[in-house]
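A quick write-up on the structure given underneath.
Sequence lines set the chain letters: A, B, ... in the order given, protein chains first and strands last, and positions in each chain run from 1. Values reported hereafter were calculated over all heavy atoms of this structure, with side chains retained and with hydrogens, waters and symmetry mates removed.
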Amino acid sequence: MKIRLAFFVPVIIFLLFVVVSFWGLYAITTGQRSTSDIGFSMQGQTIPDIALASLDQHGQINANAPLDLADWQGKAYAINVWASWCPPCRAEAPAIHQLSKSLPVLGINQRDKPQDAMAFLDQFGNPYQQIGVDPDGKASIAIGVQALPETLIIAPDGRVILHHRGPVFANELHGSIRDALNTLGIDQ
Amino acid sequence: MLHLTEIGHFALSLALALAIIQSIMLFRGARSGDQASIKLGWLSAHLTFILVAASFVILTIAFVQSDFSVALVAAHSHSLKPLLYKISGVWGNHEGSLLLWVLILTLFGALMASRLKRLTDGQSTMSYALSVQGMIVIAFIGLILFTSNPFERLTSLPDDGNGLNPILQDPGLAFHPPMLYLGYVGLSVGFAFAVAALIEGRADANWAKLARRWVLIAWSALTAGIALGSWWAYYELGWGGWWFWDPVENASLMPWLVATALIHSLNVVEKRNLFHSWTVLMAILAFGLSLIGTFIVRSGLLTSVHAFTNDPARGLVILVIILIAIGVPLLLFGWRAGTLARDQDISSPALLSRETALQANNLLLVVTSATVLVGTLYPLIIEAVNGARISVGAPFFEASVGPLLGLMLIVMPVAPLLAWRQARGKTITPYVIPMVFVTVAAGAIIFMLINDISIYAMATLGLGIWVMTGVLADIVAIMGGRNKIFHSGFKRLMGASLPRLGMNVAHLGVAVFTIGIAGVSFFDSETITRMQIGDSQISGNNTFTLAKVEPIAGPNYTATAATVIMTDESDNQTILTSEIRRFPVARSQTTEAAIKSGFLGDVYVVYGGGTAADGFVIRIYQKPLITWIWGGAGLMMLGGLLAMGSGGSRVSGGSRGSKQHSDPQRNNEPANRPMEG
Amino acid sequence: MTAIVTGFRNWIMMIMIFAGMMMLASYPLYSVQAILPEEQMADPLDESRARDLAAELRCLVCQNQTVDDSDADFAITIRSIIRDQISTGKSDDDILDFLRQRYGDYILFNPPLNRMTFILWLAPIILLIGGIMLIIITRPKNNPQSMKERGHDR
């Protein structure tokens with residue numbers, strides 16, 4: 001009875017598969033990966049230059065005084081993408097207010113109606129220095145935003161220091177956001 | 001009611017105990033030949049099936065009676081569901097589908113046991129196989145009882161159930177899992193035989209004869225299951241796609257490809273006493289891929305629209321089962337594969353021979369399956385290596401699977417014409433030359449008739465035609481060849497062996513399938529337009545007029561139905577109604593397409609919403625030859641079933657230099673001369 | 001044997017006839033409307049470019065659908081961006097790069113050919129050659145020594 005190594009190739013390949021699968025399951029259970037996470041963000045990249053028509057405090061859309069990111073070059077600021085119809089945006093409103101005390105927050109109101117947006121701001125308060133409207137979602141895509149809500153923190157040189165997908169809560173305020181602000185030399 | 005569910009649970013536990021007895025007794029009986037052990041094992045196998053069946057019936061009763069104290073029923077059923085879907089809801093979820101899996105597993109076990117009783121030869125092989133089968137039953141009942149119990153109770157009784165997903169309430173979808181599982185689980189029998197072969201150190205022609213029909217049944221069921229699933233997606237999802245290279249679809253394709261190779265390999269073992277180790281390996285891999293498919297659907301490892309559940313903990317348990325169930329036999333294979341070769345035929349087939357052609361065929365099928373596996377798992381591998389996320393989709397699979405299967409299709413029609421051991425050019429050229437001629441001529445005609453035909457379309461059509469000529473050639477060969485075909489050729493055809501006829505029917509199915517793919521992939525059209533009532537749109541040779549858009553009501557939905565009248569060139573009219581249905585309880589909506597099916601293809605019309613002011617969106621798709629895809633698959637399945645008939649093998653145990661008489665018209669072939677030396 | 005096979009076969013055939021149509025279970029619900037008429041570009045060549053590009057991109061908020069197939073807001077907007085960029089004369093590569101910079105390679109359904117995916121694209125050929133090699137290596141050798149080992153004493 002001859003034992004040849006070549007016949008063990010199938011079991012070796014099989015074990016490789018098992019190892020990879022074990023890793024995959026392990027990573028899911030420890031939260032290192034989730035199948036909905038695309039594993040890519042704008043962090044580390046330069047924020048693209050976009051300009052949007054702005055929403056003023058009377059709920060009017062003003063194309064002549066736009067929200068232009070070029071105006072914010074050389075300053076540290078945050079961008080928060082939100083909409084009135086988005087439940088997690090309501091949930092994160094207090095945290096965004098808290099954030100606005102540390103640095104200016106620009107709001108991008110995505111796929112929304114001005115009256116609904118104003119109603120939202122009346123109810124939850126307005127933390128935004130400026131608000132831009134993105135009725136078709138193109139501006140959001142232009143800055144690499146995929147869903148709602150998302151928050152970015154941008155350094156004076158235009159680099160994205162933090163790109164957080166999903167609502168911001170105390171966890172982030174005391175965690176990733178605090179770290180980002182420290183990098184910028186800003187006290188919370 | 002309170003007690004019935006617990007009885008169901010208890011029955012499963014009993015079944016587990018009996019499966020343990022089954023495995024142990026049959027293993028002992030196989031080793032020692034002790035008839036008492038074998039009888040006890042036989043009895044256990046039957047009892048296990050009865051108990052699992054009882055358990056399944058009890059679960060079904062719980063669904064039908066809408067017993068919401070059972071957690072599963074509350075989660076997946078609803079009192080308003082029509083009866084049919086209450087029943088199919090039993091297996092429309094993770095736990096219930098596992099129970100269905102075990103039901104079919106034990107059913108096959110009982111059938112194997114009945115077969116065992118009638119056997120005079122090969123009792124030990126069958127006993128080992130049935131013992132291994134029992135071990136799989138143990139693993140899966142264990143999985144159910146410890147991680148996925150369908151009989152769990154809720155502490156508080158809800159008012160009604162949660163399971164009114166309208167997409168699941170479809171006759172096609174309702175019956176899909178049983179068919180597919182017949183295939184997946186059926187492959188476990190082939191696996192069991194393979195392990196038996198490793199234990200006994202013997203995978204000869206007698207072994208192949210024992211295993212053959214089980215594998216054919218499983219393969220046929222799997223073919224039907226996959227094809228019908230594809231058909232369901234096509235008519236239900238509303239835009240006419242029929243294959244998406246989704247991980248779960250791939251998970252069904254992989255075992256199918258390997259099972260196809262397995263069938264051909266079994267044939268070689270039976271007829272020529274070669275390929276013992278390869279066949280055993282493929283039988284293990286086919287079922288292994290079935291299990292991996294189960295794993296992918298339920299573990300959350302990969303994103304898929306099909307995933308039953310995304311529970312990594314359960315996935316882990318399944319993975320451990322897979323590790324043992326496949327890892328141990330593969331280790332055993334490494335150790336014992338050499339022994340299997342001991343009673344193989346010692347001749348080496350020539351390069352131009354049927355053996356080589358079949359080996360090439362099997363190689364290509366297995367490599368295709370492996371490629372699909374690599375592509376499906378690649379995002380995971382890359383993420384494990386450096387955390388990046390990439391996506392592998394249709395472009396990769398089409399670019400890789402296409403050429404591989406294309407190569408196989410080139411070899412396929414020639415193989416039945418090649419003799420065993422050594423094919424002579426003289427014998428095959430009378431067939432191959434006309435085949436080539438017909439294919440090239442047909443290709444030239446197509447090229448001239450269709451403007452701007454792409455090279456891929458030509459290649460695909462050409463391959464389909466080539467395979468068809470091969471089928472015709474073999475039919476001519478059966479009937480006696482060019483010389484004798486008119487002398488009782490028809491009689492020969494009627495008396496031809498069923499396996500050979502089955503092969504030709506199945507191969508014809510492949511040809512039809514390929515041509516269908518060519519039609520719908522390269523010659524389809526899509527017209528999207530906004531229409532007012534009374535407007536007309538031309539697509540293909542037909543005129544489509546929007547007749548009316550009106551609200552209608554169904555049993556548990558309200559809908560808007562758009563009626564389009566299609567007028568063809570001969571002024572025949574067909575009424576096509578497409579709906580958007582809204583389900584208030586489930587708060588969701590579906591689109592129902594209107595499909596006119598015909599031999600030459602489908603016309604597929606979809607209503608896309610809209611208003612009288614803006615106009616209504618109507619999408620019109622022409623899908624040439626798409627019916628050939630399902631038709632081809634149906635022929636394949638039919639061929640597989642036909643091949644289960646007898647009349648194939650003349651070999652009985654380790655033969656050297658035996659003559660093959662199944663093809664009377666090959667009398668002049670040198671292969672039939674006894675071997676020298 | 002024929003008896004049980006006939007019975008078996010009849011049973012299977014009954015199931016298959018009864019079975020009708022089938023599908024893997026648990027589709028999450030998505031109604032597919034995808035491309036709307038007004039999205040389409042005037043020039044059919046441009047439109048066909050747009051469709052092809054959309055079919056190469058993954059809808060990030062859906063599971064396993066292309067941007068062309070999905071009717072999620074995200075997909076609709078991406079399709080709009082594609083058409084905008086085609087109108088301003090951007091090339092296919094420009095458009096794909098624009099999206100890759102913002103969403104990574106994951107947004108491509110077609111894995112790009114780079115160091116990471118090189119192996120993937122080579123996989124079929126590697127597997128094929130590997131298979132052939134395995135076949136050749138494991139051929140039973142028909143010299144007297146190994147035949148004796150296998151028990152073919154002559």
* More than 12 heavy atoms of other groups within 6.0 Å of L122(C) CG -> yes
* So, Y103(C) side chain and S41(A) main chain: donor-acceptor pair closer than 3.5 Å or not? -> no
* Asked: Quick check: are there more than 12 heavy atoms from other residues, nucleotides or ligands sitting under 6.0 Å from CG of N171(A)?
  -> no
* Who among D105(C), D84(C), I76(C) has the most heavy-atom pairs with chain A under 4.5 Å? -> D84(C)
* Structure fact -> Closest non-hydrogen atoms of A6(A) and I137(C), given as atom of the first, atom of the second and distance, are CB-CG2, 4.2 Å
* Verify the neighbour count for atom CZ of F118(C): are there more than 12 heavy atoms of other residues, nucleotides or ligands below 6.0 Å? => no
* Asked: What distance separates I141(A) CD1 from L99(C) CG, expressed to the nearest 0.5 Å?
  -> 7.5 Å
* Structure fact -> dist D134(A):CG -> T77(C):OG1 (nearest 0.5 Å) comes out at 8.0 Å
* **D73(C) side, atom CG; L148(A) side, atom CG - distance, nearest 0.5 Å** => 9.0 Å
* Does NZ in K138(A) sit with more than 12 non-hydrogen atoms of other residues, nucleotides or ligands closer than 6.0 Å? -> yes
* **Nearest heavy atoms of R111(A) and F74(C), plus distance in Å** => NH2-N, 4.0 Å
* To do: Measure the spacing between CZ of R102(C) and CD of Q45(A) and express it to the nearest 0.5 Å.
  => 8.0 Å
* If you count the non-hydrogen atoms of other residues, nucleotides and ligands that lie under 6.0 Å from CZ in R90(A), is the total more than 12? -> yes
